[in-house]
Amino acid sequence: MLDINFIRANPDKVKQAITHKHENAASVDRILELDTQRRSLIHICEQLKSRRNEKSREVSELKKKGHDASCIIEETKKIGDDIKSMEEQLKELEPQINNLLLRIPNIPAADVPIGKDANDNVIVKTWGQRKAFEITPLPHWEVGSLLNILDLERSSKISGSGFILLKGLGARLERALFSFMLDLHTREHGYTELFPPFLVNRTSMTGTGQLPKMEEDMYRTAPDDLFLVPTAEVPVTNIHRDEILSCKDLPIYYTAYTPCFRREAGSYGKDTRGIIRVHQFNKVELVKLVRPETSYDELESLLGNAERVLQLLGLEYRVVKLSTGDMSFAAAKCYDIEVWAPGADKFLEVSSCSNFEDFQARRINLRFRDENGKLRLVHTLNGSGLALPRTVIAILETYQQKDGSVSIPDVLQPYMGGVRVIARQ
RNA sequence: GGAGAGGUGGCUGAGCGGCUGAAAGCGACGGUUUGCUAAACCGUUGUAGAGACAAAAUCUCUACCCCGGGUUCGAAUCCCGGCCUCUCCGCCA
C-alpha cells in the first residue's frame, strides 16, 4: 500500500508508475476525490464532537449542582444525531478508499527497466558452463519416469493434473534438497529457521499483497475462510504484524520451508508437461525485515544467498532484473534467478528476490523505533532460496547420464544417505 | 464439542457511568549527586487522524483501555455479537 499523503503530493508520479506496471491508473484520481470528501467530513465531524464533549461537561456541572440540564441535553442529542449521520457517510467512504488503495501497485525503483513484459527484462549475470551431452538430454518427466521416482499418472489420479508424486530416491531427493537449503541459509547466511502454519487468515494474505487482487489464484478453505499459503512469505512476513521493533532487532533474517499452493488460474496451457508448473510445490523461502536505508544492499545479499544454492549444486543459471511490466504487484525491484534445464531446453525461474520497501510494512503496520525514538516503517524483502520442483528438474536433466541414471551433486550426497547415483529401480 | 475465567499503556496492575489518555509500581530516557559503577533524588515517557503554519518546531481539536454494534447528554466502565487467551471435562494425531 502506498502512503495516501504521498499520492496526494505526487499524483502524476504514482499514475506513471502504475502505467509502467500495466495497471489502470484511473483509480488515483478517484482516490484523491474521495480523500478530499473524507477529510472534509472528518473535519466537520470532529468539530461536532468537540461541541458535544463541551456540552456534556456542562451537563455534568449542572447536575453536580443539582440544576436542571434538560435543555442542554436536548441540544446535545441533536448534535449526536448529526455526528451519527456524518459517521455513516464516513463509514461508506473509508472502505471505498481503502479498497482502491489496496489495489494500487508498488512504485518501481528508479533503476528498474521500464518495459512491457518479460522481453524487456535485463540479464545481469550468468553463471556456470553449458554442459555438453553425448546424447540429447531427456526432459525430466522422462528421466523421472524411467527411474521410477516420479509418477505423474498416479498423482493426477489422486489429485488431478499439476500435482507431484515422488517415489523412493525421488522423494528422498526432495527432502535432501530442502534440508540442504535450510542448513545452508541458517549455518552460513545467518537466517533463523521457522516452521510456520500452512493455512493463514485473510488479514495475513492482505498484508503481503496477495489479497484483494489475486484471490482467484489462492486455495481457500470455505468454512473457516483460511487460505493455503502460496508462499512462506505470507506467514513469515506477517509474524511481526502490528509490532514495533527496536532498531537493535534489525535486520531480521528468517528462512522457512513450506509447501506452496497455487491455483495458477489463467495460466492454463502453459508448461503443461512435467512439473514445471504445479499446484503444490515445496519451497525454502528467505525473508528479511530491515532498515529502509539498507534495503537495497540487503536485496543484493539476499540474491547472493539464493544464488549460492545453485552454485553449490553446480547448476548453470542466470540472473534477470525484471522490467516494470513483469514485476509483481507489491515489488519495487525484483531479480529472478533462472536455472538452465537442458532437457526442457530453457531457463526456468527458481527464485524471485524482491524488495518491497515499505509497501508491505504499511499494510501490516510493521514499524521500528530508530535511535532518535522516531517510529518508521521497516522495509521487507523476500526471495526463494529456492523453489524445489524446478531445481529438481535442473538436477535430473543436468546430471542425467547416458545409461539413464542421474548422479547426485556432492553437497547433496550426505543428505541422501551417501547415495551418489539414482539408478533405475 | 461442553462448562467456567479473562483480554487496560513497553511490562505488572488499579479503575466498573462524568477533568480518567487512564492511579500505582517496574522498565526506559534526561538531569543532580558520585573517583567509577551502583544507590538515592528530581523530571520526562503512547499512537493515529484532522485542522492552523510556506515549512519545521509548535499549537488546537478528535479518536483509541481486543474488535464491531447498541444504550446514554456523556462509556475503559452498562448491554449484544465476534475474535483471542487461560482452566476443567469430553474426543482425537
Side-chain angles (χ1 to χ4, degrees), chain A residues 1-10 31-102 195-207 211 220-227 235 238-250 252 259 289 358 361-378:
Chain A
M1 188 158 68
L2 299 181
D3 184 359
I4 182 77
N5 294 305
F6 180 83
I7 299 176
R8 219 180 276 148
N10 308 280
I31 286 173
L32 291 175
E33 190 187 316
L34 294 173
D35 177 57
T36 308
Q37 284 179 39
R38 177 182 144 269
R39 281 189 298 157
S40 88
L41 273 173
I42 287 175
H43 190 58
I44 299 167
C45 197
E46 288 188 350
Q47 282 178 334
L48 288 172
K49 281 182 180 172
S50 176
R51 190 119 44 89
R52 180 181 65 182
N53 290 345
E54 212 175 291
K55 295 289 174 194
S56 290
R57 253 171 272 146
E58 278 178 41
V59 171
S60 156
E61 296 285 315
L62 287 174
K63 287 208 167 171
K64 242 184 245 169
K65 290 181 193 154
H67 295 277
D68 174 55
S70 53
C71 184
I72 300 181
I73 288 177
E74 270 311 303
E75 195 184 333
T76 314
K77 237 181 215 171
K78 264 182 225 136
I79 299 178
D81 291 343
D82 290 347
I83 292 173
K84 199 166 267 179
S85 93
M86 289 282 164
E87 278 182 337
E88 265 158 34
Q89 289 180 55
L90 268 174
K91 222 173 278 170
E92 224 163 272
L93 212 53
E94 269 167 350
Q96 281 184 53
I97 297 173
N98 210 22
N99 196 32
L100 290 171
L101 222 43
L102 285 172
F195 203 95
F198 300 163
L199 286 166
V200 298
N201 59 32
R202 192 169 276 277
T203 311
S204 296
M205 289 289 274
T206 307
L211 296 183
R220 173 168 165 262
T221 65
D224 302 305
D225 204 31
L226 293 171
F227 295 82
N238 273 281
I239 287 173
H240 297 289
R241 184 171 72 226
D242 292 319
E243 289 185 19
I244 295 168
L245 304 170
S246 155
C247 56
K248 289 176 222 134
D249 298 333
L250 299 176
I252 292 174
L289 311 176
D358 60 16
R362 186 170 294 105
R363 286 173 168 238
I364 64 180
N365 189 27
L366 172 54
R367 296 173 295 175
F368 74 102
R369 203 175 283 284
D370 71 12
E371 292 73 9
N372 304 317
K374 271 238 156 61
L375 287 173
R376 298 167 64 193
L377 291 164
V378 306

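Because the structure is a prediction, the values reported are computed rather than measured.
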Applying side-chain contact (heavy atoms from CB on, under 4.5 Å), can you list everything that pairs with [X], at least two apart in sequence or on another chain?
X       : result
N372(A) : D370(A)
L32(A)  : I7(A), R8(A), P11(A), V28(A)
S246(A) : K248(A), D249(A)
I239(A) : L194(A), V236(A), Y254(A)

Would you mind classifying the nucleic acid contact of [X] as base, sugar-phosphate or nothing, using non-hydrogen atoms under 4.0 angstrom?
X      : result
K55(A) : nothing
K64(A) : nothing
I72(A) : nothing
R8(A)  : sugar-phosphate
S56(A) : base

Any pair counted as side chain to side chain donor-acceptor pair (under 3.5 Å), so long as it reaches residues 53-63 of chain A, sequence neighbours left out: none
Rounded distance [0.5 Å steps], CD in E75(A) versus CZ in R51(A): 8.0 Å
Set of side-chain hydrogen bond (donor to acceptor under 3.5 Å, both in side chains) partners for E92(A), sequence neighbours left out: none
Watson-Crick or G-U wobble mate for rA22(B), both contacts under 3.5 Å: none
Among rG49(B), rA48(B), rC73(B), the one nearest L375(A) by side-chain distance: rA48(B)
Closest nucleotide among rA50(B), rG18(B), rA48(B) to the H43(A) side chain: rA50(B)
Pairing residues for D225(A) by the salt bridge (charged side-chain N to carboxylate O under 4.0 Å, His left out) criterion, not counting sequence neighbours: R202(A), R220(A)
Salt bridge (charged side-chain N to carboxylate O under 4.0 Å, His left out) against E243(A), all qualifying residues, sequence neighbours excluded: none
D81(A) bridged to K78(A) by N-O distance under 4.0 Å: no
If you restrict it to nitrogen or oxygen atoms, what contacts under 3.5 Å exist between nucleotides 77-82 of chain B and the protein, and what is each distance?
none

Dump every N/O contact between nucleotides 58-65 of chain B and the protein below 3.5 Å, one line per pair.
| unit_1 | atom_1 | unit_2 | atom_2 | d |
| --- | --- | --- | --- | --- |
| rC61(B) | O3' | S50(A) | OG | 3.2 |
| rU62(B) | OP1 | N53(A) | ND2 | 3.1 |

F6(A): ring-ring contact (aromatic ring centres under 6.0 Å, His included) partners, not counting sequence neighbours: none
Using atom names, set out every protein N or O paired with an N or O of nucleotides 66-70 of chain B below 3.5 Å, distance rounded to 0.1 Å.
| unit_1 | atom_1 | unit_2 | atom_2 | d |
| --- | --- | --- | --- | --- |
| rG69(B) | OP1 | K91(A) | NZ | 3.0 |

